[in-house]
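What you see below is based on every heavy atom in this structure, not just the backbone, and it leaves out hydrogens, waters and symmetry mates.
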Amino acid sequence: PAPLEIGNYVWCDSIANGIQDACERGIDEVLVQLFDNAGLLVGQDTTSNGGLYYFNEFNVDAAGVTVDANGIATPVSGWTGLDYQNQYFIVFGDGQFGGGELTVGGEAYPGITAANTGNNDNIDSDVDGNILTSGSVGAIPNGLPFIDVLTSSTGCGDHKYDLGLVCGCPIENCYSISVIRN
């Protein structure tokens with residue numbers, strides 16, 4: 001069967017509506033980790049190319065990964081990829097998230113936007129900011145935003161796992177709102 005791939009996008013939700021709107025930018029350099037259903041770290045990526053991240057046969061090892069002091073992940077047995085019909089936890093911002101805020105490259109994002117807003121799962125945030133990891137499963141760190149994922153039974157790309165972060169709104173990147181009075 002074809003390999004599996006999951007992932008997608010971390011973005012600055014400048015109007016804080018939980019939906020990826022035009023002109024909202026992706027956020028690079030967010031650490032994203034993948035844990036299996038036993039809490040074993042099996043993959044790691046960092047958002048790049050405008051907030052994108054993916055887990056696939058190039059950065060997931062079912063036997064686990066080790067991370068060195070420079071943050072480089074190395075497979076225990078070799079890059080095996082994701083397992084079919086398996087539960088995983090996508091965890092965001094280890095070492096970057098605390099007190100309800102994610103800090104990347106000196107910029108602070110003071111919250112997570114609403115999860116599962118609207119009717120298009122491909123463009124909404126999938127993280128509930130009120131429910132953070134509790135560390136009760138294996139090595140999953142405490143207090144981080146996450147998504148609980150069940151992979152497909154057939155090979156495919158599932159690119160709908162997004163995280164919207166509250167952010168400041170540089171005037172050139174946001175909608176302008178005018179009020180007209182009679």
Side-chain angles (χ1 to χ4, degrees), residues 2-13 20 24-98 101-109 112-113 115 121-129 132-133 135 137-152 155-165 167:
L4 291 167
E5 181 174 83
I6 60 173
N8 209 31
Y9 192 52
V10 176
W11 89 98
C12 166
D13 191 355
Q20 300 166 32
E24 291 180 328
R25 63 181 168 81
I27 302 170
D28 287 342
E29 300 180 25
V30 175
L31 179 65
V32 187
Q33 295 175 310
L34 185 70
F35 293 85
D36 68 10
N37 59 1
L40 176 66
L41 178 62
V42 295
Q44 181 169 294
D45 198 5
T46 302
T47 58
S48 60
N49 298 318
L52 299 174
Y53 74 92
Y54 298 102
F55 292 107
N56 53 38
E57 70 272 18
F58 301 112
N59 64 355
V60 174
D61 180 8
V65 299
T66 59
V67 179
D68 69 16
N70 296 319
I72 306 298
T74 304
V76 171
S77 67
W79 299 123
T80 59
L82 298 154
D83 290 329
Y84 300 93
Q85 285 191 302
N86 196 37
Q87 179 185 27
Y88 290 97
F89 300 97
I90 301 171
V91 178
F92 298 90
D94 190 18
Q96 299 170 313
F97 186 83
E101 178 174 279
L102 188 125
T103 303
V104 180
E107 187 170 356
Y109 300 91
I112 298 168
T113 59
D121 195 35
N122 292 315
I123 62 168
D124 70 351
S125 183
D126 298 295
V127 177
D128 184 339
L132 303 176
T133 57
V137 179
I140 298 176
N142 287 325
L144 297 178
F146 74 99
I147 303 171
D148 186 345
V149 174
L150 179 64
T151 55
S152 171
C156 67
D158 198 354
H159 302 151
K160 64 181 179 196
Y161 301 108
D162 307 312
L163 169 62
L165 295 170
C167 59

Novice: Side-chain contact, heavy-atom cut-off 4.5 Å: V60 with L34?
Specialist: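 A side-chain contact under 4.5 Å exists here.
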
Novice: If every non-hydrogen atom of Y109 is compared with every non-hydrogen atom of R25, which pair is closest and at what distance?
Specialist: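 Heavy atoms of Y109 and R25 come nearest at OH-NH1, 3.3 Å.
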
Novice: Okay, side chain of D128, backbone of A115: is any donor-acceptor separation there less than 3.5 Å?
Specialist: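 Not a single qualifying donor-acceptor pair exists.
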
Novice: Check whether any side-chain heavy atom of L144 lies under 4.5 Å from a side-chain heavy atom of D94, and answer yes or no.
Specialist: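 A side-chain contact under 4.5 Å exists here.
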
Novice: Using the rule given for side-chain contact (heavy atoms from CB on, under 4.5 Å), can you reason through D126 versus L163, listing the C-alpha separation, both sets of side-chain angles and the distance that settles it, and then say yes or no?
Specialist: CA-CA 6 Å; D126 298 295; L163 169 62; over 6 Å; no

Novice: Compute the ring centroids of Y161 and F146, then answer whether they are less than 6.0 Å apart.
Specialist: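 No - the distance between ring centres of Y161 and F146 does not fall below the 6.0 Å cut-off.
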
Novice: Do I90 and I6 come close enough that some side-chain heavy atom pair is under 4.5 Å?
Specialist: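 They are in contact (side-chain heavy atoms under 4.5 Å apart), so the answer is yes.
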
Novice: Can you tell me how far apart CD1 (I27) and OG (S48) are? Round to the nearest 0.5 Å.
Specialist: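 That separation rounds to 13.5 Å.
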
Novice: If you apply the rule side-chain contact (heavy atoms from CB on, under 4.5 Å), what do you find for Q44 with V32, and how did you get there?
Specialist: CA-CA 6 Å; Q44 181 169 294; V32 187; over 6 Å; no

Novice: Which atom pair, heavy atoms only, marks the closest approach of N8 to K160?
Specialist: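 Closest approach of N8 to K160: CB-N, 4.1 Å.
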
Novice: Do T74 and V65 touch side chain to side chain, with heavy atoms closer than 4.5 Å?
Specialist: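 Result no, sub-4.5 Å side-chain heavy-atom pair not found.
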
Novice: If we count only N and O atoms by modelled type, under 3.5 Å, do the side chains of Q20 and D162 hold a donor and an acceptor together?
Specialist: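 Indeed, the side chains of Q20 and D162 share at least one donor-acceptor pair under 3.5 Å.
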
Novice: For a quick test of reading the model, state the closest non-hydrogen atom pair linking D36 to F89 and the distance between them.
Specialist: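 In terms of heavy atoms, the two residues are closest at O-CD1, 3.7 Å.
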
Novice: Which heavy-atom pair separates G164 from S125 by the least distance, and what is that distance?
Specialist: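 What the structure gives for the nearest pair is N-OG, 3.0 Å.
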
Novice: Got a second to check how far D61's CG is from L40's CG, nearest 0.5 Å?
Specialist: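 Going from the CG atom of D61 to the CG atom of L40 covers 8.5 Å.
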
Novice: Just wondering, are more than 12 heavy atoms of other shown residues or ligands nearer than 6.0 Å to CD in E57?
Specialist: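 More than 12 heavy atoms, drawn from other residues, nucleotides or ligands, come within 6.0 Å of this atom.
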
Novice: Under the side-chain contact (heavy atoms from CB on, under 4.5 Å) criterion, do F35 and V42 qualify, and how do the steps go?
Specialist: CA-CA 5 Å; F35 293 85; V42 295; 5.9 Å; no

Novice: Could you tell me the separation between the OH atom of Y9 and the OH atom of Y53, rounded to the nearest 0.5 Å?
Specialist: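 Answer rounded to 0.5 Å: 12.5 Å.
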
Novice: Let me confirm one number: the CD1-CG distance from I140 to L132, rounded to the nearest 0.5 Å.
Specialist: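 If we round to the nearest 0.5 Å, I140:CD1 and L132:CG are 12.5 Å apart.
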
Novice: Does any non-hydrogen side-chain atom of Q87 lie less than 4.5 Å from one of D148?
Specialist: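 Yes, at least one pair of side-chain atoms sits under 4.5 Å.
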
Novice: For the residue pair D28 and V104, what are the closest heavy atoms and their distance?
Specialist: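 Here D28 and V104 meet closest at O-CG1, 3.3 Å.
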
Novice: Determine, step by step, whether N56 and E5 satisfy the side-chain hydrogen bond (donor to acceptor under 3.5 Å, both in side chains) criterion, reporting the C-alpha distance in whole Å, the side-chain angles of both residues, the deciding distance to 0.1 Å, and the verdict.
Specialist: CA-CA 5 Å; N56 53 38; E5 181 174 83; 2.7 Å; yes

Novice: Report yes if the side chains of Q96 and V30 come closer than 4.5 Å at any heavy-atom pair, otherwise no.
Specialist: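 Q96 reaches V30 side chain to side chain.
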
Novice: Is there a donor in the side chain of W11 and an acceptor in the side chain of E24, or the other way round, less than 3.5 Å apart?
Specialist: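 E24 and W11 do have a side-chain donor-acceptor pair below 3.5 Å.
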
Novice: If you take the centroid of each ring, where Trp contributes its six-membered ring, are H159 and Y54 closer together than 6.0 Å?
Specialist: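 Between H159 and Y54, which both carry aromatic rings, the centre distance is below 6.0 Å.
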
Novice: Look at the side chain of T46 and the backbone N and O of L31, then say whether any donor-acceptor pair between them is shorter than 3.5 Å.
Specialist: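 Absent.
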
Novice: List the atom of P145, the atom of I112, and the distance in Å for their closest heavy-atom pair.
Specialist: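 In terms of heavy atoms, the two residues are closest at CB-CD1, 3.6 Å.
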
Novice: Side-chain contact, heavy-atom cut-off 4.5 Å: V10 with F92?
Specialist: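 With C-beta onward as the side chain, the pair touches.
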
Novice: Would you give the length of the straight line joining atom CG of L150 to atom OH of Y84, rounded to the nearest 0.5 angstrom?
Specialist: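 Separation between the atoms: 14.0 Å.
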
Novice: Can T47 and L52 be said to form a side-chain contact (heavy atoms from CB on, under 4.5 Å), step by step?
Specialist: CA-CA 5 Å; T47 58; L52 299 174; over 6 Å; no

Novice: As an exercise, state the distance from CG of D13 to OG1 of T113, rounded to the nearest 0.5 Å.
Specialist: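 It is 4.0 Å, given to the nearest 0.5 Å.
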
Novice: Just by distance, do the side chain of D68 and the backbone of N70 share a donor-acceptor pair under 3.5 Å?
Specialist: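 Flag set: sc D68 to bb N70 pair under 3.5 Å.
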
Novice: Distance alone, cut at 3.5 Å: any donor-acceptor contact between the side chains of T151 and N86?
Specialist: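 On atom types as modelled, these side chains do not qualify, holding no pair under 3.5 Å.
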
